[in-house]
Amino acid sequence: MARITAGVATSHVPAIGAALDNGQTQTDYWRPVFAGYEFSKEWMRREKPDVVILVYNDHASAFGLNLVPTFAIGCGEEFAPADEGWGPRPVPTVKGCPELAWHIMQSVIQDDFDLTVINEMAVDHELTVPLSLMFGQPQAWPCRIIPFAVNVVVYPPPSGRRCYQLGKAIRKAVESFDEDLNVQIWGTGGMSHQLQGPRAGLINQQFDNAFLDRLANDAESLAGIPHINYVREAGSEGIELVMWLIMRGALNARVQELHRFYHVPASNTAVGHMVLKNVE
Ligand code: DHB
Ligand code: FE
């Protein structure tokens, strides 16, 4: 049986990818950001997941205003890095896991969560920056990855509650897959940030830290935050945090917080990161 063993939450700031790709990880500005992931990379080398379900949001690389699925799952064999204007990042192509992806799709759709199927797409910084933070700069990503896209760009986003329940349905799907697989689920994006408008540059450390405090042990009530509160308190892009709730919903009620990191600023955002291990 496949099992979800751990969850990872992390911001996806594109400038982190640029810092890595241009050899700037040891500058005064970036060193503290990358230091926050040292534990996680070491831990990941020991955990050796077979598959990561990577919950992320596309930034107009695969989808545009012409087509905006609320939830979409990558069922293809592979997904190449997208060109976001500076050429594709020099990172490996993502190798998918079509068998598990199709199994999750049929299971969660039968559990009333409608997913869009993606057989072909490019993946942007939202997916590749978390991979770089957790795996470093290998020749090939060390495991298979199922991209799971969530619309948090175009109004209306799915509610935190629905995301949390979807996580539970994903967990049930994984646990009914026959093959023995060590599966992780990652929730990406966040923390507080707003990239445009009069409040551009907004960062709310109090909101972010309260969110981190509640993620491990108070997730049920955290899932009840209405979307408008994210926008008011964490900025328009703070809504990306609902993706962390998909990850959390897919874990056990009891989890152990193995690692937490919070840093301000990185580009226009607060960086938040947490590693949660399932407790039986
Ligand atoms: C920035 C952050 C994001 O989450 C994003 O998607 C694009 C840009 C930023 O801080 O610059
Ligand atoms: Fe973003």
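No experiment lies behind these values; they were computed from the predicted model shown. Each ligand, and each atom within it, is numbered from 1 in the order the structure gives.
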(request) Measure up the Phe148 and Phe71 rings against each other and bin them: parallel (under 30°), tilted (30 to 60°), perpendicular (over 60°). (result) tilted
(request) Specify the protein heavy atom at minimum distance from atom 11 (O) of ligand 1: its residue, its atom name, and the distance to 0.1 Å. (result) Ser267 OG, 2.7 Å
(request) Step by step, work out the side-chain contact (heavy atoms from CB on, under 4.5 Å) result for Phe63 and Thr116. (result) CA-CA 12 Å; Phe63 313 127; Thr116 298; over 6 Å; no
(request) Answer with yes or no whether the hydrophobic clustering places Met134 together with Met274; edges join I, L, V, M, F, W, Y residues whose side-chain heavy atoms lie under 4.5 Å apart. (result) no
(request) Could you check atom 6 (O) of ligand 1 against the protein and tell me its nearest heavy-atom contact, residue, atom and distance included? (result) His59 NE2, 2.6 Å
(request) Determine, using ring centers only, whether Tyr230 and Trp244 are less than 6.0 Å apart. (result) no
(request) Could you see which bit of His12 sits under 4.0 Å from ligand 1, with heavy atoms only: side chain, backbone, both or neither? (result) side chain
(message) Just checking: Glu126, one of its N/O/S atoms, less than 2.8 Å away from the Fe ion (ligand 2), yes or no?
(response) no
(request) Indicate, as side chain, backbone, both or neither, the part of Glu126 found under 4.0 angstrom from ligand 1 when only non-hydrogen atoms are considered. (result) neither
(message) Do the side chains of Lys168 and Glu220 get close enough for a salt bridge, i.e. N-O under 4.0 angstrom?
(response) yes
(request) Compute the angle centred on the Fe ion (ligand 2) spanning NE2 of His12 and NE2 of His59, and express it rounded to 10 degrees. (result) 100°
(message) As an exercise, identify every atom of ligand 1 less than 4.0 angstrom from a heavy atom of His193.
(response) 2 (C), 3 (C), 4 (O)
(request) Please could you name the atoms of ligand 1 that His125 approaches to less than 4.0 Å, counting only its heavy atoms? (result) 5 (C), 6 (O)
(request) Can you measure from CG (Leu127) to OG1 (Thr188) and round to the nearest 0.5 angstrom? (result) 7.5 Å
(request) Measure the distance from atom 2 (C) of ligand 1 to every protein heavy atom, then report the residue, atom name and distance (to 0.1 Å) of the closest one. (result) Thr269 CG2, 3.5 Å
(message) Heavy-atom contact check, 4.0 Å cutoff: does Pro14 meet ligand 1?
(response) yes
(request) Answer yes if Val153 and Tyr155 sit in the same cluster of Ile, Leu, Val, Met, Phe, Trp and Tyr residues linked by side chain heavy atoms under 4.5 Å apart, and no otherwise. (result) no
(request) Report the distance from atom CD of Glu99 to atom CD of Glu179, rounding to the nearest 0.5 Å. (result) 7.0 Å
(message) Please name the atom of Glu240, limited to N, O or S, that comes nearest to the Fe ion (ligand 2).
(response) OE2
